[in-house]
Trainee: 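Questions regarding the structure given below will be posed in turn.
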Amino acid sequence: MIWQMRYLQNFVWENEEKKMPFVEETYDVCVVGAGHAGCEAALACARLGLETIVFTVSIESIAMMPCNPNIGGSSKGHLVREVDALGGEMGINIDKTFIQSKMLNRSKGPAVHSLRAQADKMNYTIEMRKTLQNQEHLTIRQAEVSEIITEENRITGVKTYSGAVYHCKAAVLCTGVYLKAKCLYGDVVNYTGPNGLQAANHLTDSLKEHGIEMYRFKTGTPARIDKRTIDFSKMQEQFGDERVVPFSFTTDPEEVQIPQVSCWLTYTNEKTHEIIRQNLDRSPLYSGVIHATGPRYCPSIEDKVVKFPDKDRHQLFIEPEGLSTNEMYVAGMSSSLPEDVQYEMYRTVPGLEHAKIVRNAYAIEYDCINPNQLYPTLEFKNIQGLFSGGQFNGSSGYEEAAAQGLVAGINAAMKLLGKKPLLLDRSEAYIGVLIDDLVTKENREPYRMMTSRAEYRLLLRQDNADLRLTKKGYEVGLISKERYDQVVKKEQMIGAEIARISQITVGAGSRVQKVLEKYGSMPLSTGTTLAELIRRPELNYDLLAELDPDRPKLPDEVTEQVNILIKYEGYIKRQIKQVENFKKLENKRLDADFDYDKVSGLRIEARQKLNQYRPVSIGQASRISGVSPADISVLLVYLEQFYQKK
């Protein structure tokens, strides 16, 4: 032992004298983290021609899905479609690797229809890794970034734990849940990232030294059960859609019509809940061991039992993790209870009486930032050229991460290329809602996207993401001219068909009345247009085809839009008018260095919040907590007088 220590000392002294050289390289962009945010950021920068390097603590963690084995879902499906329309990769990748697909909320209006697909976790990671490895201008590096390097409040590089320095003009931080990560269940604490992977323990200190405010958040995941020990006869089988709708607008729909794997529905019961209540003192969530804030909308089973004592059961979905594994994910039953309690409570669930756990459920704590420190471009306000995305920004979910990573990557590239940044507002995209909520509102818990957060959700449907955003992706440079032209053609076909349908009149003859009677629709007393009939709840564009002999042969994606735009025309016009009023405030820009202390009449709290958040527009200012409508009126009057004087 003494000899070893002397050898180590001699090694250090010798190399101090020799000044052993360290690795030093230069790139345009450094991306820290290769999860869902990091992959999108790195691909965007590289595809725009910038020399990009992406760092990951483990190559095996690229696009890893450490929690639920699915992509999409309510509101999240909208985000994936929007990522695809802007030129991102997530939609393409899940189309290659899904094992079941379902359109959620079909019984409701089109505004809340959301695509959700079960992924083959291993294949999802493999395919995304292939994409990154074969992307020109992109280098993958397995290393832990421990420091950011700045000069005069501008990013100039990053440093790894080994001492290597990578100079850059812009950097994107996408660290996910790895920063000072800690996994817990019962009294067991593992200082690792998800799935036992290495945590990133050094970057937080560097960020704090640069004046970045950090939060400590928590999330959790349920146990994985051995499929061979599950009695599926006691559960309800859940099938995928007969006709699969792809996520990516570039995927041929015929290529995704594949045999699908079933999921299964079961429930907890009072016995499950009693075991949990009896062991709450052994849960780090309730014993005081966990101090971080968890997601309100994705609670652990302990939280559900405590906060909803009137519920005698909670639904659980048993979901396959892939075709090459027997691991089954118990969705709805995340926990940080001790191992013995996990066995006991899981085995009270119908079908899991003899279940064997492959991986324990656990909670994970991690460091992230207060996203109010970011501009809507996702660039830090106090460090030029430093961007961030994903769970590092205080959000939760793969889809939210990918959306932010894409925007952060695009804007890092736009900054270096001297082009205008990509700014999406709340009326243009769910991504706009997501980012605006993060940078404007006070988020003291992991942020989750929901359809209820989008005021203009009838306009921001998942089915029209390409029509809304492909042009922006084309202007940025991530969408080809060919793809953009196809969307323009689609838009023209939709407009032409709506105009044609609106001019076709049908009388009250017997043939028409028979068709209406067949679909349970009221008979006509006088003539009307096909468009008016389509607006009836029980009818649609396809059902009325027999009354339209000259109907052209159009792609399904076109007829879908024709039907929606005609049927919801009144509601859509009303929402467009609301957007016009919204835009008036959004278009009133505010300078980054505007001094709100000069505005007499503003309340003290409003001045403090406005100086802290530095909103880019009156619209954003109006959404800051602590800034009242009266404060906005005062600000508008001041600005009008100020510009009149100029």
Side-chain angles (χ1 to χ4, degrees), residues 22-23 25 27-47 50-67 69 71 88-90 92-94 96-97 119-147 157-166 168 171-181 183 190-203 221 321-325 327 359 364 366 388-392 398 401-402 405-406 408-409:
F22 57 86
V23 173
E25 293 185 5
Y27 289 85
D28 292 317
V29 183
C30 290
V31 178
V32 182
H36 303 284
C39 287
E40 296 293 352
L43 287 170
C45 291
R47 286 169 175 172
L50 299 173
E51 290 304 320
T52 305
I53 183 168
V54 58
F55 295 92
T56 174
V57 293
S58 170
I59 297 292
E60 282 67 40
S61 69
I62 291 175
M64 187 176 72
M65 306 175 80
C67 196
I71 294 293
E89 193 69 23
M90 179 174 266
I92 295 170
N93 205 57
I94 186 60
K96 293 178 188 174
T97 57
D120 186 309
K121 280 189 170 185
M122 189 179 295
N123 281 345
Y124 188 92
T125 297
I126 290 170
E127 286 298 326
M128 188 66 86
R129 182 172 163 184
K130 279 183 191 175
T131 301
L132 266 65
Q133 287 175 330
N134 292 302
Q135 177 61 51
E136 288 184 36
H137 307 295
L138 182 57
T139 300
I140 300 171
R141 184 71 170 90
Q142 180 168 295
E144 180 187 344
V145 171
S146 59
E147 293 179 37
V158 301
K159 188 176 184 180
T160 67
Y161 186 60
S162 68
V165 172
Y166 294 83
C168 63
V172 187
L173 302 179
C174 303
T175 60
V177 298
Y178 284 84
L179 281 192
K180 290 195 173 177
C183 296
N190 292 316
Y191 292 89
T192 69
N195 282 14
L197 291 172
Q198 175 188 331
N201 291 315
H202 304 91
L203 183 58
T221 189
E321 296 230 314
L323 300 178
S324 59
T325 178
E327 288 182 74
R359 307 185 200 216
I364 182 168
Y366 56 94
S388 70
Q391 288 195 243
F392 179 67
Y398 310 145
L406 178 63

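Quick caveat: nothing in here was measured; it's all calculated off a predicted structure.
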Trainee: Of the non-hydrogen atoms in Ala199 and Tyr191, which two are nearest, and what is the gap between them?
Mentor: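 Answer, listing the atom of Ala199 first, then Tyr191: CB-O, 4.2 Å.
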Trainee: Give the minimum heavy-atom separation between Ala200 and Val57, together with the two atoms involved.
Mentor: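 Smallest interatomic distance, heavy atoms only, reads CB-CG1, 4.5 Å.
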Trainee: Are Arg359 and Glu321 within salt-bridge range, i.e. N to O under 4.0 Å?
Mentor: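 Salt bridge absent between Arg359 and Glu321.
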Trainee: Evaluate side chain to side chain contact (heavy atoms under 4.5 Å, CB included) for Thr125 paired with Lys121, printing each intermediate quantity in order.
Mentor: CA-CA 6 Å; Thr125 297; Lys121 280 189 170 185; 5.8 Å; no
Trainee: Just by distance, do the side chain of Tyr166 and the backbone of Val145 share a donor-acceptor pair under 3.5 Å?
Mentor: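 Side chain of Tyr166 to backbone of Val145, a donor-acceptor pair under 3.5 Å: no, none is there.
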Trainee: Quick one: are Thr131 and Lys96 in side-chain contact, heavy atoms under 4.5 Å?
Mentor: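 They are in contact (side-chain heavy atoms under 4.5 Å apart), so the answer is yes.
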Trainee: Nearest 0.5 Å, please: how far is CZ in Arg141 from CD1 in Ile59?
Mentor: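 The CZ atom of Arg141 is 9.0 Å from CD1 of Ile59, to the nearest 0.5 Å.
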Trainee: Output all residues satisfying side chain to side chain contact (heavy atoms under 4.5 Å, CB included) with Ser58, sequence neighbours left out; order by chain, then residue number.
Mentor: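 Once residues adjacent in sequence are excluded, the partners of Ser58 under the side chain to side chain contact (heavy atoms under 4.5 Å, CB included) criterion are Glu60, Ser61, Gln142, Leu197.
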Trainee: Any heavy-atom pair between the side chains of Met65 and Ile71 that's under 4.5 Å?
Mentor: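 Ile71 vs Met65: side chains touch.
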Trainee: Looking only at heavy atoms, what is the nearest atom pair of Thr52 and Ala46, with distance?
Mentor: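 Smallest interatomic distance, heavy atoms only, reads OG1-N, 3.6 Å.
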Trainee: Could you pull out all residues at least two apart from Lys159 that satisfy side chain to side chain contact (heavy atoms under 4.5 Å, CB included)?
Mentor: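 Expected list: Glu147, Ile149, Val165.
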Trainee: Would you mind reporting whether Asp28 and Cys45 have side-chain heavy atoms less than 4.5 Å apart?
Mentor: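 With C-beta onward as the side chain, the pair stays apart.
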Trainee: Is there a salt bridge (Lys or Arg N to Asp or Glu O under 4.0 Å) between Glu89 and Arg47 once you walk through the steps?
Mentor: CA-CA 11 Å; Glu89 193 69 23; Arg47 286 169 175 172; 2.7 Å; yes
Trainee: Do Glu144 and Tyr178 have side chains that get closer than 4.5 Å, going by heavy atoms?
Mentor: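 Not touching, per the 4.5 Å side-chain cut-off.
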Trainee: Quick one, Ile364 and Pro194 - any side-chain contact, counting heavy atoms below 4.5 Å?
Mentor: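 Ile364 vs Pro194: side chains touch.
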Trainee: Please name the residue in the list Thr139, Val172, Leu138, Leu43 that meets the side chain to side chain contact (heavy atoms under 4.5 Å, CB included) test with Val54.
Mentor: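 Exactly one candidate clears the test, Leu138.
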Trainee: Work out which heavy atom in Ala41 is nearest to a heavy atom in Cys174; give both atom names and the distance.
Mentor: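 Scanning both residues completely, I find the closest heavy atoms to be CB-SG, 4.4 Å.
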Trainee: Take the angle between the ring planes of His36 and Tyr124 and call it parallel below 30°, perpendicular above 60°, tilted in between.
Mentor: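 If you compare the ring of His36 with that of Tyr124, the planes turn out tilted.
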Trainee: Considering only heavy atoms from C-beta outward, does the side chain of Phe392 approach that of Val32 to under 4.5 Å?
Mentor: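 Not in contact.
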Trainee: Give me the atom names and distance for the closest heavy-atom approach of Thr192 to Cys183.
Mentor: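 Scanning both residues, the minimum pair turns out to be O-SG, 3.6 Å.
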Trainee: Using side chain to side chain contact (heavy atoms under 4.5 Å, CB included) as the criterion, list what pairs up with Ile126, not counting sequence neighbours.
Mentor: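 Once residues adjacent in sequence are excluded, the partners of Ile126 under the side chain to side chain contact (heavy atoms under 4.5 Å, CB included) criterion are Met122, Asn123, Lys130.
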Trainee: What are the two closest non-hydrogen atoms of Cys39 and Ala34, and how far apart are they?
Mentor: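 Where Cys39 meets Ala34 most closely, the heavy atoms are SG-O, 3.4 Å.
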Trainee: May I ask you to test the Ile140-Ile62 pair for a side-chain heavy-atom distance under 4.5 Å?
Mentor: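 Yes. Closest side-chain heavy atoms under 4.5 Å.
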Trainee: To the nearest 0.5 Å, what is the distance between CE on Met128 and CG on Asn93?
Mentor: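 One gets 4.0 Å once the value is rounded to the nearest 0.5 Å.
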